[in-house]
Amino acid sequence: MASLQSLRGMVDLLPAQISIWQHIEAVAREHFRRAAVQEIRTPLLEVTELFARGIGEATDVVGKEMYTFLDRGERSCTLRPEGTASAVRAVIEHGLLSQGPQRLWYGGPMFRYERPQAGRQRQFHQIGLELLGVADARSDVEAIAIAWDLLADLGVGGLALELNTLGSPDDRIRYRERLVAWLEAHRDGLDPDSQARINTNPLRVLDSKVPQTQATLAAAPPLAASLSAESRARFEQVQAGLAALEIPVQLNPRLVRGLDYYSHTAFEITSSQLGAQATVCGGGRYDGLVQQLGGPPTPAIGWALGMERLVLLLAQMPAAAAAGAPAPLDLYVVSRGEAAEALVLPLARQGRAAGLAVECDTSGAAFGKQFKRADRSGARFAAVIGDAEAAAAEVVLKDLRQHQAEQRLPIAALVDWLVQQRAGGSA
RNA sequence: GCGGGCGUAGCCAAGUGGUUAAGGCAGCGGCUUGUGGCGCCGCCAUUCGGGGGUUCAAGUCCCCUCGCUCGCCCCA
């Protein structure tokens, strides 16, 4: 095999798949516009330290999944594994918070060096939301509602919103101590991975999928018991807010997220139809992150949505997939003969200037071939220009989608006629 | 990083040691050098991801390697 291939886990998006992506992006953009959320674009490449400090050294993402290399200046650089750290860095760097709370969204590729499987790639795409500067539980509710409504509007069915609270940093420290002590005492009932995690990332032991570990954990002290009154009240406010919006919630006390910066609200929107990688959208509150990265103390909440997983879900829903279908061509120009061929590009350009989608056949092939391609192009009309038409400055217009007599009209009148046809809801 | 499944044309795919590697879709040419969608005819893999080995004989068996895929882990 001498031919070149894309790198493992790096996937091409071919023209046939693009329309659904553009559809999702357009719907997301519109939801963000309505919610007064502005786009931010940051570099794909950042200094490694940003992620190490932001996401947490003990996390898997930082520990083993980053694309990290030295650039020519010997700086350690990393392809972003997620969007929050970059967005926060940019906000701090440009002093945006001095202008008040920031409502931001971003989209684009992320990179994690993992083994690819269904719904998991090394380069994948996320759309994410970050609401910075507001501590109130209502902003948690708003952030979640934006994600929920966006997914609903796209026509994704069968989703569940799983919700938990991780408590305040103090709650967590207190709980962590209790949990570690308990885990140490019940070490024998845990799988090796979980045993190893007792000291590095004990909270993650809670959502282990190993049945034996889960059985052991049934008697473990719950995080809820370590929550302060304030944290508990806050969690209740979030739940009440979601209930008021009639967004159904599934409380999941085992939901712990993999990135260190989360506190209080943590949530995931999952689908049972995605195989092992069930999370379409995940996020939570990260009140400590901005300060940790050198900014002013700033409460924040955000989420990220996995585009590939969303596309996977949408592909299972014919109605939603159809919504993303591209608009058909208005005109396909078929021509033959030197004089005729000279008229094609000027005609196409005039049509395009008027907003029509026009393709011309420049193959010089037999009419039969050109008509075949015209048909396949999906165009509504074919314009035919041969020697006779060129001499008379006319075109023969053929309706490719309905049986109707061909008509002949001046070449100068064609574009107007088509524009009118389209405006008139020509069925 | 660990485990299972798989790799035959652009795509789907038959083939389970024995002469020339089915078939379908797409593509190209023709029937039709001014008319597509239907039909018919023809063309389209010196070679089965790559390398090595076993054998008189390998797409088929063995080893290595690369890739894809599903799961573990982790997460979007």
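Quantities reported herein were computed from a predicted structural model and do not represent experimental measurements. In what follows, chains carry the letters A, B, and so on, assigned in the order in which the sequence lines appear, proteins first and then strands, with residues in each chain numbered from 1.
Note on residues 149-161 of chain A: pairs passing side-chain hydrogen bond (donor to acceptor under 3.5 Å, both in side chains), not counting sequence neighbours, are A:His31-A:Asp153. For residues 178-191 of chain A, the salt bridge (Lys or Arg N to Asp or Glu O under 4.0 Å) pairs, not counting sequence neighbours, are A:Glu184-A:Arg187. Each salt bridge (Lys or Arg N to Asp or Glu O under 4.0 Å) pair with one or both residues in residues 355-365 of chain A, not counting sequence neighbours, appears once here: A:Asp361-A:Arg373.
For A:Arg8, the side chain to side chain contact (heavy atoms under 4.5 Å, CB included) criterion is met by A:Arg115, A:Pro116, A:Arg122, not counting sequence neighbours. Contacts of A:Pro109 classified as side chain to side chain contact (heavy atoms under 4.5 Å, CB included), with partners at least two apart in sequence or in another chain: A:Leu44, A:Arg80, A:Phe111, A:Gln123, A:His125. Scored by the side chain to side chain contact (heavy atoms under 4.5 Å, CB included) test, A:Arg336 finds A:Phe367, A:Gln370 as partners (sequence neighbours excluded). Partners of A:Asp171 under the side chain to side chain contact (heavy atoms under 4.5 Å, CB included) rule, at least two apart in sequence or in another chain, are A:Ser168, A:Arg174, A:Leu227, A:Ser228, A:Ser231. Partners of A:Lys372 by salt bridge (Lys or Arg N to Asp or Glu O under 4.0 Å), not counting sequence neighbours: none found.
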Review point. Once each nucleotide of nucleotides 32-41 of chain B is scored for protein heavy atoms under 4.0 Å, what B/S/- sequence comes out, 5' to 3'?
Key: -SBBBB----
Review point. Which nucleotides of nucleotides 68-74 of chain B have their base under 4.0 Å from a protein heavy atom (B), which only their sugar-phosphate (S), and which neither (-), written as one string 5' to 3'?
Key: SBSBBBB
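Of the residues in residues 47-56 of chain A, none has a non-hydrogen atom less than 4.0 angstrom from any atom of RNA chain B.
Between the P atoms of B:G36 and B:G51, the separation comes to 46 Å (whole Å).
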Name each donor-acceptor pair under 3.5 Å that joins a side chain in residues 385-401 of chain A to protein atoms two or more places apart or in another chain, with its distance.
residue, atom, partner, partner atom, Å
A:Glu389, OE1, A:Gly386, N, 2.8
A:Glu389, OE2, A:Arg408, NH2, 3.1
A:Glu394, OE1, A:Arg408, NH1, 3.0
A:Asp399, OD1, A:Arg401, N, 2.8
A:Asp399, OD1, A:Gln402, N, 3.0
A:Asp399, OD2, A:Arg380, NH2, 3.1
A:Arg401, NE, A:Ala379, O, 2.8
A:Arg401, NH1, A:Asp375, OD1, 3.2
A:Arg401, NH2, A:Asp375, O, 3.0
A:Arg401, NH2, A:Ala379, O, 2.8

